[in-house]
Participant: 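The following block contains the structure, expressed as structure tokens.
Letters go in sequence order (proteins before strands), and every chain restarts at 1.
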Number of protein chains: 2
Amino acid sequence: MTATPPPTDAPTDAENLLRLEHQVCFALQNASRAFGAIYRDALKDLGLTYPQYLAMLALWEHGELSVKRLGELLRLDSGTLSPLLKRLESAGLVKRERSPQDERSVLVSVTATGAALREQATQVPLEVARRTGFDIAEMRELRGLLGRLTDRLDAAGTAQEC
Amino acid sequence: MTATPPPTDAPTDAENLLRLEHQVCFALQNASRAFGAIYRDALKDLGLTYPQYLAMLALWEHGELSVKRLGELLRLDSGTLSPLLKRLESAGLVKRERSPQDERSVLVSVTATGAALREQATQVPLEVARRTGFDIAEMRELRGLLGRLTDRLDAAGTAQEC
DNA sequence: CACAACTCAGTTGCGCGCAACTTAATAGTA
DNA sequence: TACTATTAAGTTGCGCGCAACTGAGTTGTG
């Protein structure tokens, strides 16, 4: 019934750490991908990908944003954002224009079409909540945990080799 | 001190659900990406990406695996796995051969070079643990939570429109 | 046996995510 | 004022992750 064991004698500590189901990052990625599948389904009526949806959320919430600021909010750099915004622009949802104050900066804002999409978008979190059965408290708790985890990982990543 | 509010009058419930920092999936993805950055750093000596590392973990642990079985373990389909395995093969770490029993199936196994890499790989989880400061109990708890979450999301995704 | 249904791996196409680089504009400084 | 350093956005290249499809091999049913 058990599969052929790896060609070693006994499971040492080091080997236990290499077991696939022991990888926290793997579990995190799996949860993220499973969530992504739910959103992909809920978003297909809007014609948005999940990253595009996040960008629209940021713009709906904050109004006009520079690419840099948007990147800070979404944790993305221009290498990802530039083509993403180009696609949103060609879909008619956002407008891009260089800042008069600082010609290096590009200001992104929603068009009338993009603003109109917001109403439809309010259905998305409701649909996701309905399908997953999460309640508000549960989601907030999970968000808090993940936020603290991310902060810790960011600190570990930023830190020099120590 | 507060940022300019969005061009609406009051924050309704629906609008609160659209706030960027209220998106659980976003928090999950951020944590996953932050973790990925740590691994990317820890893995660069091995010359492996994180998905490639996961594939090697599965092969080290289980020995020879079909592409299908490997995909089940890693939650990936052949569209992702085929090119990934091709890269691992051209790096000399794995070998691919069609199964004699079932010519549709391709069996993947580690080469001597791939097996030798395992020793070096034992350093990776230790390095990650060192940098993040996680202890075993903490990681196990988090893994359990994420596993239950993934199961729930998978069920929500598999379910018909209900 | 014949033939349809299914399974498995692979390919193509597209959108991220990220590193490395380029170009243009601004800020800082001698 | 020149001149360097810095900053912002964009581009290129590559590796996933996933949907859609192809083609070869296998299974099941008449």
Participant: Quick one: on DNA chain D, does B:Ser99 or B:Pro51 contact a more 5' nucleotide (nearest heavy atom)?
Facilitator: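 Result of the comparison: B:Pro51.
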Participant: So what does A:Thr80 touch, heavy atoms closer than 4.0 Å: a base, only the sugar-phosphate, or nothing?
Facilitator: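 Base, at least one base heavy atom under 4.0 Å.
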Participant: Any sub-3.5 Å donor-acceptor pair from A:Arg96's side-chain atoms to A:Leu107's backbone N or O?
Facilitator: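 The answer is no, because no donor-acceptor pair under 3.5 Å joins these two groups.
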Participant: Do any side-chain nitrogens or oxygens of B:Gln101 fall under 4.0 Å of OP1 or OP2 in D:dG25?
Facilitator: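 So the side-chain polar atoms of B:Gln101 never come under 4.0 Å of the phosphate oxygens OP1 or OP2 of D:dG25.
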Participant: Indicate yes or no: at least one non-hydrogen side-chain atom of B:Val106 is less than 4.5 angstrom from one of B:Ser99.
Facilitator: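 In short, these two side chains do not touch, never coming nearer than 4.5 Å.
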Participant: Among D:dC16, C:dA19, C:dC16, which nucleotide sits nearest the side chain of B:Arg40?
Facilitator: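 Selected nucleotide (nearest to the side chain): C:dA19.
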Participant: Mind checking if A:Leu81 touches a base, just sugar-phosphate, or nothing, with heavy atoms under 4.0 Å?
Facilitator: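 Nothing: the residue A:Leu81, judged by heavy atoms under 4.0 Å, touches no strand.
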Participant: The side chain of A:Glu103 lies closest to which of these nucleotides: C:dC18, D:dG17, C:dT26?
Facilitator: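 For the A:Glu103 side chain, the nearest candidate turns out to be C:dT26.
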Participant: Check this one for me: any side-chain N or O of B:Lys86 less than 4.0 Å away from OP1 or OP2 of C:dT11?
Facilitator: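 For C:dT11, OP1 or OP2 has a side-chain N or O of B:Lys86 closer than 4.0 Å.
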Participant: Using a strict threshold of under 4.0 Å (side-chain N to carboxylate O), is an ion pair present between A:Asp154 and A:Arg75?
Facilitator: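 Judged by the 4.0 Å cut-off on N to carboxylate O distance, A:Arg75 and A:Asp154 do form a salt bridge.
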Participant: When you check the phosphate oxygens OP1 and OP2 of D:dG17, does a side-chain N or O of A:Gln29 lie under 4.0 Å from one of them?
Facilitator: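 For A:Gln29, the contact criterion (side-chain N or O under 4.0 Å from OP1 or OP2 of D:dG17) is met.
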Participant: May I ask you to say whether A:Glu61 pairs ionically with A:Arg118, meaning some side-chain N is under 4.0 Å from a carboxylate O?
Facilitator: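 Not counted as a salt bridge, because no side-chain N and carboxylate O are separated by less than 4.0 Å.
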Participant: B:Leu20, A:Leu88: one ILVMFWY side-chain cluster at the under-4.5 Å cut-off?
Facilitator: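 In one cluster with B:Leu20: A:Leu88, yes.
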Participant: Charged N to carboxylate O below 4.0 Å: is that the case for B:Glu127 and B:Arg130?
Facilitator: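 Yes, charged N to carboxylate O under 4.0 Å.
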Participant: Using a 4.0 Å heavy-atom cut-off to protein, can you give one letter per nucleotide of nucleotides 3-9 of chain C, 5' to 3': B if the base is in contact, S if only the sugar-phosphate is, - if neither?
Facilitator: ----BSB
Participant: By the 4.0 Å heavy-atom rule, please label B:Leu76 as base, sugar-phosphate, or nothing.
Facilitator: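 If one applies the 4.0 Å heavy-atom cut-off, B:Leu76 turns out to touch the sugar-phosphate alone, with no base involved.
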